[in-house]
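Okay, structure first, notes after.
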Amino acid sequence: MKFVKLYKKEMRALAGLALLVIGITLFLDLFLQTRVDKWTPSTPEAASAAFFVVLPVWAVIALVYSVQQEWTGNTIYMLLSLPVRGSVIIAAKLLAVLSWFVVLNLFRLVSFLLHFRSTLLWPESGSPMHLLAFWVGMLAFGYLLGMALFLVLMLFSMLAGRLAPKFCGAAAFGTMFVSGWALFRLTPIISKLFGWLPGTPVKVWGMHSGVLVMETVVLNTAHFVAIALLGAGFFALASMLVERQVEV
Amino acid sequence: MHDAQVIVKACSLSKHYGSIKALDGLDFEIRRGVILGLLGPNGSGKTTLLKAMCGMVRPTSGEVTLFGQKPSHSTKELVAYLPEIDYLYPWMSAAETVQFVSGFFRDWSAERAQQLMEQLEIPARTKVRDLSRGLRARLKLVLALAREVPLVLLDEPLSGIDISSRAKIIRAIVGEYRTGEQTIVLSTHQVQESESIFEEVMFLRSGKIVLSDQAEHLRQQHNCSIQDMWEKVYDR
Amino acid sequence: MRLDFDLAKPIYMQIVDEVKRCIVRGELGPGEKMLSQREMAQSLKVNPNTVQRAYQEMERLELVETLRGEGTFVKNDVMLVKKLREEMASETLHSFLREMASLGFSESEVVQMVSESLGNGGSREYAGGEANA
């Protein structure tokens with residue numbers, strides 16, 4: 001209940017930033033569509049697709065804005081006066097950024113398809129489009145998880161940076177590098193500890209000699225567990241920082 | 001009176017910011033059912049003390065306990081803290097702010113909130129950023145007084161506010177105050193308006209307690225108002 | 001009941017004195033119900049505990065009585081007004097005489113000044129007031 005309230009508040013706080021991007025996306029695509037026959041073929045499409053890259057940057061900016069704004073607007077007093085755990089506060093922020101991130105990506109995708117590849121939206125059954133859609137879906141999922149992990153590290157770094165009152169920007173960057181490095185170094189080590197875990201079989205679509213088939217691929221569970229644990233660890237550290245160390 | 005439960009206790013409470021001693025070895029007890037005036041000029045440590053009492057700031061040394069516990073996210077259920085600064089989300093309307101905060105506290109009384117909003121004449125649908133300073137101060141007060149909470153900390157609730165808002169605020173505080181059960185600590189650097197509601201007063205200077213006594217006792221003993229005591233204490 | 005406090009003196013005593021004045025002036029009749037402590041505190045903008053102390057003092061002085069669950073009432077005693085009036089007059093008189101003596105006026109000077117002041121038919125204090133008995 002408390003989490004839901006905070007989450008809704010965070011969503012609303014970021015709505016402006018998100019709608020801005022939606023607006024730009026729409027405007028851009030409409031504009032590019034008019035250039036389809038005027039510019040070199042495929043260029044407008046490529047430009048539209050390239051806009052995808054802006055979205056992770058947006059997510060980073062949104063998170064920074066979401067956190068910094070609490071301090072510059074003094075609303076951090078409001079958050080700290082509420083009887084909620086630190087983990088709830090930061091989970092709400094992270095989830096809000098991710099939620100808008102998903103919305104923006106979906107919007108970007110749909111807008112792109114509508115303007116440049118409307119046939120893709122209604123593929124015939126059995127066509128390679130199913131395969132493409134499936135893999136795009138898998139990629140998207142991985143992309144989202146990766147983004148989530150990255151944002152957790154960023155949040156942790158921002159909060160840690162605040163501990164050094166005079167150089168919090170530099171300290172935040174420094175912490176980010178160290179955390180990232182720690183993540184890379186620790187993942188294989190922790191992974192080995194969980195090496196005894198059985199692999200996870202996953203049924204995937206694949207293409208063999210022009211025919212669509214279902215195969216089973218075995219994923220290395222240990223790696224995922226390691227990353228998940230480390231991600232949870234950074235999240236816990238960030239929660240602790242909010243509860244114990246943050247001062248106004 | 002002396003049997004009343006101790007709500008806040010400080011032992012050698014100190015808070016240093018670098019070389020600045022915002023709080024310097026404070027020792028005191030605040031008993032239940034009292035309206036305490038925390039007095040002192042700007043920079044005397046009043047705000048830091050209130051923040052330490054609700055966990056917004058951690059002591060450099062010594063300790064402060066609330067209901068026998070260290071300030072934590074669970075003591076926040078028992079304390080209503082009103083900072084001096086503007087801490088409300090500017091994009092929320094007054095009603096939305098009340099709605100937002102209410103969901104976090106079990107001791108929230110919606111009827112009281114509604115009644116206070118009317119009594120203090122706060123326009124429900126106006127966004128916080130469009131409210132005048134006086135109205136924002138009144139809205140902050142609603143957030144504190146609509147809760148049935150044993151300890152209320154008000155940091156300069158009257159400063160920079162227009163006279164009519166000040167009178168309304170004082171009336172609301174006195175009206176909602178649960179005698180004997182609720183403890184209110186009100187910090188101010190302007191004593192005139194509020195001295196008649198203080199039962200006890202504590203004068204701070206440079207993070208230390210200079211004088212702490214019952215208001216009526218001081219009046220009787222020194223034949224002067226708390227305002228006059230202020231001058232005696234600080235203009236040396 | 002309007003009261004401009006002298007904040008240099010204990011407030012609770014000033015509340016008691018003002019209630020006494022109200023009784024003497026007839027604004028509060030015998031047996032009449034008084035404002036609740038909270039109502040009085042709110043209208044005067046005074047700490048409710050201070051009002052409580054005033055009420056306790058008034059009860060001690062037998063000016064009022066509190067009936068549990070019903071409120072506080074002025075003592076239903078017609079002699080009360082007379083008694084209070086005399087008490088307050090006596091206090092004011094003594095305080096006046098003390099002050100005049102400290103200023104160096106003799107008794108006869110004081111008597112003369114008082115009758116002159118009253119005789120100037122229309123001294124402010126009595127203009128429009130009831131005739132004194």
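Each chain gets a letter, A, B and so on, in the order its sequence line appears, and its residues count up from 1. Treat the numbers as computed from the prediction; the structure is a model and nothing was measured.
- Within a 6.0 Å radius of CD in B/E29, more than 12 heavy atoms belonging to other residues, nucleotides or ligands are found.
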Please determine whether side chain to side chain contact (heavy atoms under 4.5 Å, CB included) holds for the pair B/E195 and C/L7, giving the CA-CA distance in whole Å, both sets of side-chain angles, and the decisive distance to 0.1 Å.
CA-CA 8 Å; B/E195 70 161 281; C/L7 291 167; 3.7 Å; yes

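- C/R38 contributes a side-chain N or O that, together with a main-chain N or O of B/Y177, makes up a donor-acceptor pair within less than 3.5 Å.
- The 12-atom threshold is not exceeded at CZ of B/R106, counting heavy atoms of other residues, nucleotides or ligands nearer than 6.0 Å.
- Ranked by heavy-atom pairs under 4.5 Å with chain C, the first of B/I226, B/T179, B/I170 is B/T179.
- The neighbour count for C/E62 CD, taken as heavy atoms of other residues, nucleotides or ligands under 6.0 Å away, does not exceed 12.
- Within a 6.0 Å sphere centred on CD of C/E107, other residues, nucleotides and ligands contribute 12 heavy atoms or fewer.
- Heavy atoms of B/E176 lying under 4.5 Å from chain C belong exclusively to its backbone.
- Atom CD1 of B/I163 has 12 or fewer neighbouring heavy atoms from other residues, nucleotides or ligands inside a 6.0 Å radius.
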Test log, rule side chain to side chain contact (heavy atoms under 4.5 Å, CB included), inputs C/L44 and B/S196
CA-CA 9 Å; C/L44 295 177; B/S196 51; over 6 Å; no

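- Rounding to the nearest 0.5 angstrom, the gap separating the OH atom in C/Y12 from the CZ atom in B/R219 is 12.0 Å.
- Distance check, rounded to the nearest 0.5 Å: OG1 of C/T50 to CD of B/Q214 gives 9.5 Å.
- At a 4.5 Å heavy-atom cutoff, the contact between B/A167 and chain C is made by backbone and side-chain atoms alike.
- A distance-only check finds no donor-acceptor pair linking the side chain of C/N49 to the backbone of B/I35 [under 3.5 Å].
- With B/R171 contributing its side chain and C/K45 its backbone, the two residues share no donor-acceptor pair below 3.5 Å.
- More than 12 heavy atoms of other residues, nucleotides or ligands shown are found within 6.0 angstrom of NZ on C/K75.
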